[in-house]
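Everything numeric here is computed off the predicted structure, so don't read it as measured data. In what follows, chains are A, B, ... by sequence order, proteins preceding strands, each numbered from 1.
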Amino acid sequence: MNIDMNRLVDSERGLLDRRIFIEPEIYEEEQRRIFARCWLFLCHDSQIPRPGDFVTTYMGEDPVLVVRDTGGAVGAFLNVCRHRGNRLCRADSGNAASFTCAYHGWTYGNDGRLTGVPYLKEAYHNELQRERWGLVPVAQLDNYKGLWFATFDAEAPPLSDSLGEMAWYIDTFVDRREGGVEILATHKWAMPCNWKFPAENFGGDAYHVHWSHFSAVTTGFSVGSTATPASANRAVSPGLGHGLICIGGDGYGDPPMPEIQAYERDIRPEVQARLGPRAALVNPIVGTVFPNFSLLRGTSRTLRVWHPRGPDKTEIWSWVFADKAAPPEVKEAVRLAGVRGFSPAGTFEQDDMDNWQECTRTCRGVAARQMPVNTQMGLGRERFDPALGAWTSDYGFSESNHREFYRRWAELMGTADA
Amino acid sequence: MNIDMNRLVDSERGLLDRRIFIEPEIYEEEQRRIFARCWLFLCHDSQIPRPGDFVTTYMGEDPVLVVRDTGGAVGAFLNVCRHRGNRLCRADSGNAASFTCAYHGWTYGNDGRLTGVPYLKEAYHNELQRERWGLVPVAQLDNYKGLWFATFDAEAPPLSDSLGEMAWYIDTFVDRREGGVEILATHKWAMPCNWKFPAENFGGDAYHVHWSHFSAVTTGFSVGSTATPASANRAVSPGLGHGLICIGGDGYGDPPMPEIQAYERDIRPEVQARLGPRAALVNPIVGTVFPNFSLLRGTSRTLRVWHPRGPDKTEIWSWVFADKAAPPEVKEAVRLAGVRGFSPAGTFEQDDMDNWQECTRTCRGVAARQMPVNTQMGLGRERFDPALGAWTSDYGFSESNHREFYRRWAELMGTADA
Amino acid sequence: MNIDMNRLVDSERGLLDRRIFIEPEIYEEEQRRIFARCWLFLCHDSQIPRPGDFVTTYMGEDPVLVVRDTGGAVGAFLNVCRHRGNRLCRADSGNAASFTCAYHGWTYGNDGRLTGVPYLKEAYHNELQRERWGLVPVAQLDNYKGLWFATFDAEAPPLSDSLGEMAWYIDTFVDRREGGVEILATHKWAMPCNWKFPAENFGGDAYHVHWSHFSAVTTGFSVGSTATPASANRAVSPGLGHGLICIGGDGYGDPPMPEIQAYERDIRPEVQARLGPRAALVNPIVGTVFPNFSLLRGTSRTLRVWHPRGPDKTEIWSWVFADKAAPPEVKEAVRLAGVRGFSPAGTFEQDDMDNWQECTRTCRGVAARQMPVNTQMGLGRERFDPALGAWTSDYGFSESNHREFYRRWAELMGTADA
Amino acid sequence: MRNDPDLIREIEQFLYREARLLDERRFDDWLALFTDDVRYWMASRSNRYPKSSKAIAILDPARYVEDDVTGADELAVMDETKETLAARIARLATGMAWAEDPPSRTRHFVANVEVEPGEADAELKVYSNFIVYRSRAESEEDFYVGARQDVLRREGGAWKIARRRLVLDQNVLSAKNVSIFF
Amino acid sequence: MRNDPDLIREIEQFLYREARLLDERRFDDWLALFTDDVRYWMASRSNRYPKSSKAIAILDPARYVEDDVTGADELAVMDETKETLAARIARLATGMAWAEDPPSRTRHFVANVEVEPGEADAELKVYSNFIVYRSRAESEEDFYVGARQDVLRREGGAWKIARRRLVLDQNVLSAKNVSIFF
Amino acid sequence: MRNDPDLIREIEQFLYREARLLDERRFDDWLALFTDDVRYWMASRSNRYPKSSKAIAILDPARYVEDDVTGADELAVMDETKETLAARIARLATGMAWAEDPPSRTRHFVANVEVEPGEADAELKVYSNFIVYRSRAESEEDFYVGARQDVLRREGGAWKIARRRLVLDQNVLSAKNVSIFF
Ligand code: FES
Ligand code: FES
Ligand code: FES
Ligand SMILES: [Fe+3]
Ligand SMILES: [Fe+3]
Ligand SMILES: [Fe+3]
């Protein structure tokens, strides 16, 4: 590397070197130092409920197969045949007892074991040790409240440590009621931007809503939040690069459909009881689990991953979710809120794209590249709130979470991988 | 850099290393050492005549906003919001008192000052010093005879020194009559070639006309020039990499329309009087202001910039211009001459594209890359002509200007930027 | 280079580092160390039978013009004008006494000599030595049994040494009968894969046929081979990276058309007599001449070159061929077998594409990139068979040829070019 | 019906005119072409192995879904009523709908129009294919390609679109957004 | 008029045949389809903020131009008479029109044809959309997409093109040149 | 014939329906639309200098071939009989036709349909242009563009395709394979 990774982020002054959004060599390092080491989101349990159910996804740019084996145990593997490296499974999802590679017919069980090698005896003289050539599993796999996460780093701390206090905040999205949530819809599309822009945006950019999304707010695609920036809104970060936007415990920030509004009022006591006293203090509406997994509850309810595809390309894989215990009409309303608000055609989401694209593209200019990115809003005013177990901003609009996101980014980029 | 920049151009022998047209690292250096340091053309005064009028363009790959402020002063700024780096203005042209960023709503006046920051008091506690976060102006901005130029290099010599004697030659295109010229049409398109091929071509490649463009000449799209290579044609370079093709002062090289021919004969005395005695010696018909701004008067009348977009991609931004004092029917004839001769569909211009593209693409081959490019025509025969204040070729066809163009290129590439 | 070229291939253990299929810097080195040094296939004699006949092709990424001069001698030249480097000839094929560059009109004879330079006297003062600026010929050009090969390396051993014993195996495709073969059809298309995957595949991957192509075999697009893996099939390598798949001398592996089957039985004695005793032992049906020229006789009869176009892009240029002495109805049957079996729409070939593409694309992942590619089939069991003048596998399915292919690749990549 | 040339022509002209209204950004006129009870629906497509595929051995065939455009709306990117279409149009008029500011340059191609009797008397079932070209900013290009199934209903002497079902032939959408209508 | 199926069909066939003449490079036959006074005009499009946009505060609304295809010909890339079209065709026949040597492979798609009465009696106003695919050399591809407005005039028992207005839906053209006809 | 609107419409509808059968992967129904003696042929195109080109001085004009779609089948990528088409369809049904597993998402656009009398009485010569969009896996896209010349024959009261000649307007095909029908 010709670039000193430790000089790119100045958290003290809230300034970022714009090369981190455009330089290919920095992108390559991110693959090694961040995506190959962090816990990354794979899928939700409800996408693979029964034995044999599988989905394919990515960890960074690595293709991954997540499958529930015949015994019911979930595994995650590189979706790559061990023979010549062909992609093993080409479907998005399905159900399988075994997977057979299209090239030479090696067959792997839904537990990843190499079960079939044509002509093993005649051609390999049984010298190929099948037990050594099964699918490569992720280094660590874990489930938190129905969310499957994995990491390629065997040395990485366990998921619970990597989430830390973020775990409780995740509960407020996916464990509000008995049975948790289920996936209702899937959206996948490509954006011409660096992956960090959407990640930082969902992690704490309350500030852009009033302008980027004002048109959708004023035309009825959101009832907006009952909270005001002055009052209950806060940028909240439990550390480790994670961040959320929260409104007050008494506030609402839900999709506009009356069914949902009524439903939320009905279940509020149950939810607060389940989530505990902290739920009376804060109501998280959107957040990012470092590095590239975001959760949204305001306006629409989606989980999404920002898959890196190069310095200036990102794929969004987004899933609309609802409480499993919600009545059908509420689930349908939640689905429609997702489709209409946060999807490729979402009246909110469509307006984010050009901003992230142009924040990325302007970095190409040699003069523009020398202008630092400004994340100084509320600089130095964040405070640790023991009740929240997190640093909180002094005001509803702040870039305190941005600073934490890039501090963590720099921390990981500054230490070479094993 | 793994490449020694000083070994790429051999001006003495008129040979060029073909890597300069294809290597990404050389292209990156060009951005730093040439486009970030030279004076680059922005637009013509007539494109932004009134307060608030603006156009957007590029300096190299940096997006730039050129705007006349409410008081009538012209400014040029990086078209990049200082907050998170979003492109500020997405229109080609228009009229504005202020520009508001689509992401978070920061607003900049047409003088570049940051005038509006939503929630400056509540979210920034007025600690963001707006005066320090206005649009980034170019380092130097200047106007020569209605042509706006700028540089990102505060150390660069003033425009007048950088043009040197080229200034007079520019006059022969844009200051022939009182009032100068005005823009009549705009053309923008992408070419799959290195930017230096069109730049060198317009700077002195009289030689290609007889073959590349013979079909257009013989079918009436040009009356051709009254001059012959043997007689009055000359490649003329005032130095600093600039170059022109001139015919004799008594020659004509105008578009084929009779209105234009008659007009030119009528105004010839006035023009020569205005331009002075040198105009009796030479009549420039096309030229390049180093590095990427060209002017054309023969056949069609256009100003154009060759925007670099990677080693093998260039955008042409071209403007048809006419004397402001010309009568309407002459202006219309000039517009049509531009559309029909030098535009994406121009009968002359369309035949240049494949040549420049293939001169670039053949550089990909490892064997072809080792063949030097030949610019030996008239090698060593150029002479300095005090009356012209320039080096002139011994003959109408010569590559003396090519050699000067690449000598200057090597000079700049050989010295690292500050 | 930051990558140690000597550590990428482990022939002893039959393991490959997957970076060789994806890293741009390795690809660039391949251009220098392999494609600029090896003998590469250009075309077949029957494509340019008469004086003036020419075809254009590539050696690696270098454009090459192959032309039979007026005297009947064949030459091969960089298809690049010596002046400014424009591509000289833009046609696939044709007939010419001379070629004129579209840019400035330099003219080259069909023997490569620079015969015309406009204004040579006036503009160049006859100082341009035309004899020094003719088209750049390849360093060595040779013909083997109608196949034209060339290399850019003057130090390369002669073609005969570079083919070695492979020569006889080539005979079994193109010199089975008096008069050799002729080209009946041409197919060119682009594949999103690294060039080594098809090259290794045609050089010895008998193993994939039973699975990749089973659908075509079972629906009548091949009668399959009369040989079984257990019996006569063998992977055969004469060394130097070359490899073939052979069936027994008494076996047949021909296209399904009855005309062809009958024809093959009829000519078998003549062919074996012509090819000599070894033809009674082996019957080669497909093979690769290192690095990127393959010959196929089973199912379809094609010659093909795998032109590299970047780490993850390859162009196939493929030609259907038949014995010149074959009757018209057999030639027509061979043509149809080629079109239907091995062409962009070929029922066999279309199923190879995704495999090669995905073997390449999965290398993008940082985790997947660390998984070695497995070429261990029959490891250590290949034996040198004096009668065949080649190493042969112990069984019909083996990766012995793969190991030889990559051993040779590593050998060349490990030694820098002059 | 498929043999009534004049009716097919009439429907074609109706759809061509509708397309032109969109390309001219006359969104209110466009909206007037829909019935009040319209369902306007667009979905992308998934990658699924057919049951016959030997790439996998299906463990649980009973539950296996083969169709790549799930009826269950799982891949819908638009699912609109006349009200929400009206709201989308109102949004575009706010001057702050950034995805369309400056506006996209769209060109709608309606092809392969086929007409069949509808379920109700006054209704027609209309098949067509679409290519919608979208050009934006300086150099951005998108091709949206797919098929439409419309239900047209005769209302007050004019045809109205009572249902529109759009299938977009992509899995991972290549466009950064779908800020236009089809 | 838009309800006369046979006329629309006749015009469609006229335009399809015209397109085929271009793809077969029968340029002289193609030229014969134009009236002697034809104006053949093609322009690209600009990026302009509508007046309603809140991206800018317009300082001088009176002068502000919203239209992205300036009527003032400012973006015209072709503006031809029958004479200049003829000269372009003559140029292609010189054997030195390098942009077309070897020739482009073009395919013209004419779609969404609508017919309206013209200003004069013997005239029709015809709308259509076009996709022109251009393939060149080994691997070059361009898609030219846009809309046409033709004025067709009845002359000597046949239709002729009396005016052709082409809008190309791009700002920075992606093709290196426009060496073909539309 | 080119003036019989109803016949043209009938043929268009026949071709649109055929296209829909392909996009719905109803290959057996599609095959039934061909006569038993059909020749189904597709070729790409070469780059050749016309004889008039001054880029070369032709040495041997007598033998010089100008046409870029050689009649000699030299560039054919498909040359099929009804039997081989049936075999291709059978292959797709094996569950091991990997190029189509998961299946391509295709959309066939049939445009510029022109009808002329055929050589035989019961035959028509039909011109059309095609754009076939193929989307595959997550993000793969191909546009196959070209022209068709069909011979349609009246058989048993229905039209059948007795000959199909497809020209694909590319030299080096940009698609990795042609695993679909046209
Ligand atoms: S690559 Fe998977 S079986 Fe060979
Ligand atoms: S990026 Fe411009 S206001 Fe935030
Ligand atoms: S580049 Fe070939 S003649 Fe100048
Ligand atoms: Fe947003
Ligand atoms: Fe030129
Ligand atoms: Fe194969």
**Report entry** Interchain contact, F/E141 with chain D, by part (heavy-atom threshold 4.5 Å)
**Finding:** side chain

Report task. Answer yes if the ring centres of D/Y127 and F/Y16 are under 6.0 angstrom apart, and no otherwise. Result -> no

Query - Contact origin within D/S174 toward chain F - heavy atom pairs under 4.5 Å - result: side chain

Query raised in the report: What distance separates D/D68 CG from F/R105 CZ, expressed to the nearest 0.5 Å?
Result: 7.0 Å

Query - Exercise: identify the closest heavy-atom pair between D/N129 and F/D23 - result: ND2-OD2, 4.2 Å

Report task. Measure the CD-CD distance between F/E12 and D/E12 for me, rounded to the nearest 0.5 Å. Result -> 6.5 Å

**Report entry** Any side-chain heavy-atom pair of D/P50 and F/D101 under 4.5 Å
**Finding:** yes

Query raised in the report: For the side chain of F/Q13 and the backbone of D/N112, is there at least one donor-acceptor N/O pair under 3.5 Å apart?
Result: no

**Report entry** Contacting moiety of F/I131, where chain D heavy atoms sit under 4.5 Å
**Finding:** side chain

Requested in this report: Salt-bridge test for D/E66 and F/R25: reply yes if a basic N is under 4.0 Å from a carboxylate O, no otherwise.
Outcome: no

**Report entry** Option among F/R107, F/R134, F/R136 that satisfies the side chain to side chain contact (heavy atoms under 4.5 Å, CB included) test with D/D169
**Finding:** F/R107

Query raised in the report: What's the shortest heavy-atom distance between D/F130 and F/F109, and which atoms?
Result: O-CZ, 3.3 Å

Report summary line: Nearest heavy-atom contact between F/A137 and D/N47 is O-ND2, 3.0 Å

